[in-house]
Number of protein chains: 2
Amino acid sequence: MEKPDPSETAPRRPLSEIIANGGMQGNLMAAACPSREVLNHVTSRWGVLVLMALETRTLRFSQLKRQIGGVSERMLAQTLKHLEGDGFVRRQAFEVVPPHVEYSLTPLGLEVAERVRSLADWIEVSLPRILPHWDPEALVAYAPETVA
Amino acid sequence: MEKPDPSETAPRRPLSEIIANGGMQGNLMAAACPSREVLNHVTSRWGVLVLMALETRTLRFSQLKRQIGGVSERMLAQTLKHLEGDGFVRRQAFEVVPPHVEYSLTPLGLEVAERVRSLADWIEVSLPRILPHWDPEALVAYAPETVA
DNA sequence: CAGGATCCTAAACGATACTG
DNA sequence: CAGTATCGTTTAGGATCCTG
């Protein structure tokens, strides 16, 4: 590992403590705020669905993949890493062969998941009120039997 | 009800009514469900911020642009169109020169916005609990003074 | 002022193949 | 089984210029 250059101005060590202990809260309207990144992880295409799937129970990778329609392995793995990196998801690997890995929500993750689910639930049940606003052109792309 | 054109296979007219009146609700776990698209509009990078900005007051295009740090005109316009197309945003144009256009939330939009804000607020205030989980490498990209 | 049109870059995404 | 690596495609997104 390289030794730190004395001429470096950025205070590397205390940064996370400064942020964490300062009681500072994020501001999503500010372009450079890290809360933007957290928001992106949580509201990403698959982030929402992963949080919902894990809200009620622990799941394995393949179970998640099956439950979340259309997700690719690559995206699922990446999404799980992001959420794990934010402290929302806990990854528990059992040293057996074949591999066995379980994913669950942390207490912190459960808190976001509740908010996410509130939004997701609303969309699901409000869909009948939303679709009438759609351009008919966009609507015909969906065959009725695929809606539910 | 008019008789369907024998040559046309797709039932164009009744589709929106079928969906809307059927009491059908969406299923986000299904890849082909239109609720996925609504979710994408709402949770898109700028969709969240637009809904938050409009929750409390009507705003003009340029006001929105100023308030939402980092958004480009193109993305703002596109986001507003998506949200308008879902029935969340109302666009009111005054026929004057120079143009004057006001954006506000519909009652439907206010309902989503409340859920979105609940999530956004949580992220903002919980940021100090989240950042300690981050890889220090990712953290140093943010100078302390830009956080708040 | 509010955007539409155009062009371009970067990022997200998916499919496949491969490995511990 | 649970991924990673690689590749190619698609989409999101930004910059700029232009117009009613």
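Here is how names work: the chains are called A, B, and so on, in the same order as the sequence lines, proteins then strands, and each is numbered from 1.
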> In whole angstroms, how far is the C1' atom of D/dT10 from the CZ atom of A/Arg74?
Replying inline: 12 Å
>> Rounding to an integer number of Å, can you tell me how far B/Glu84 CD sits from C/dG3 C1'?
In response: 13 Å
>> Can you classify the ring geometry of A/His82 versus A/His41 as parallel (below 30°), tilted (30 to 60°) or perpendicular (above 60°)?
In response: parallel
> Of A/Trp46 and A/Pro99, whose closest DNA chain C nucleotide lies nearer the 5' terminus?
Replying inline: A/Trp46
> Looking at A/Arg91, does any N or O in its side chain come under 4.0 Å of the phosphate oxygens OP1/OP2 on D/dG3?
Replying inline: yes
> A/Gln78 or A/Pro98: which one's nearest nucleotide on DNA chain D is closer to the 5' end?
Replying inline: A/Pro98
> Between atom CZ in B/Phe94 and atom P in C/dG3, what is the gap in whole Å?
Replying inline: 12 Å
>> Tell me whether the side-chain N/O atoms of A/Ser44 come closer than 4.0 Å to OP1 or OP2 in C/dA12.
In response: no
>> Could you report the tightest heavy-atom contact between B/Asp86 and A/Ile130, atom names first, then the distance?
In response: O-CG2, 3.5 Å
> A/Leu80 has an atom CG; how far is it from atom P of D/dT4, in whole Å?
Replying inline: 10 Å
> Closest heavy-atom contact between A/Gly87 and A/Leu108?
Replying inline: O-CB, 3.8 Å
> Would you say C/dA11 has OP1 or OP2 under 4.0 Å from some side-chain N or O of B/Arg45?
Replying inline: no
> Roughly, in whole Å, what's the span from CD in A/Glu73 to C1' in D/dC1?
Replying inline: 10 Å
> Hey, does the side chain of A/Ser62 come within less than 4.0 Å of D/dA2's phosphate (OP1/OP2), counting only N and O?
Replying inline: yes
> Given atom CZ of B/Arg60 and atom P of C/dG3, what is their separation to the nearest angstrom?
Replying inline: 10 Å
>> I need the minimum non-hydrogen distance between B/Ala113 and B/Leu51, along with the two atoms involved.
In response: CB-O, 4.0 Å
> Closest approach of A/Arg36 and B/Ile68, non-hydrogen atoms and distance?
Replying inline: NH2-CG2, 4.4 Å
> Roughly how many Å is it from CG in A/Asn40 to P in C/dC13, rounded to a whole number?
Replying inline: 10 Å
> Does B/Tyr103 make a side-chain N or O approach to OP1 or OP2 of C/dC1 shorter than 4.0 Å?
Replying inline: no
> To the nearest Å, how far apart are B/Lys81 NZ and D/dA12 P?
Replying inline: 15 Å
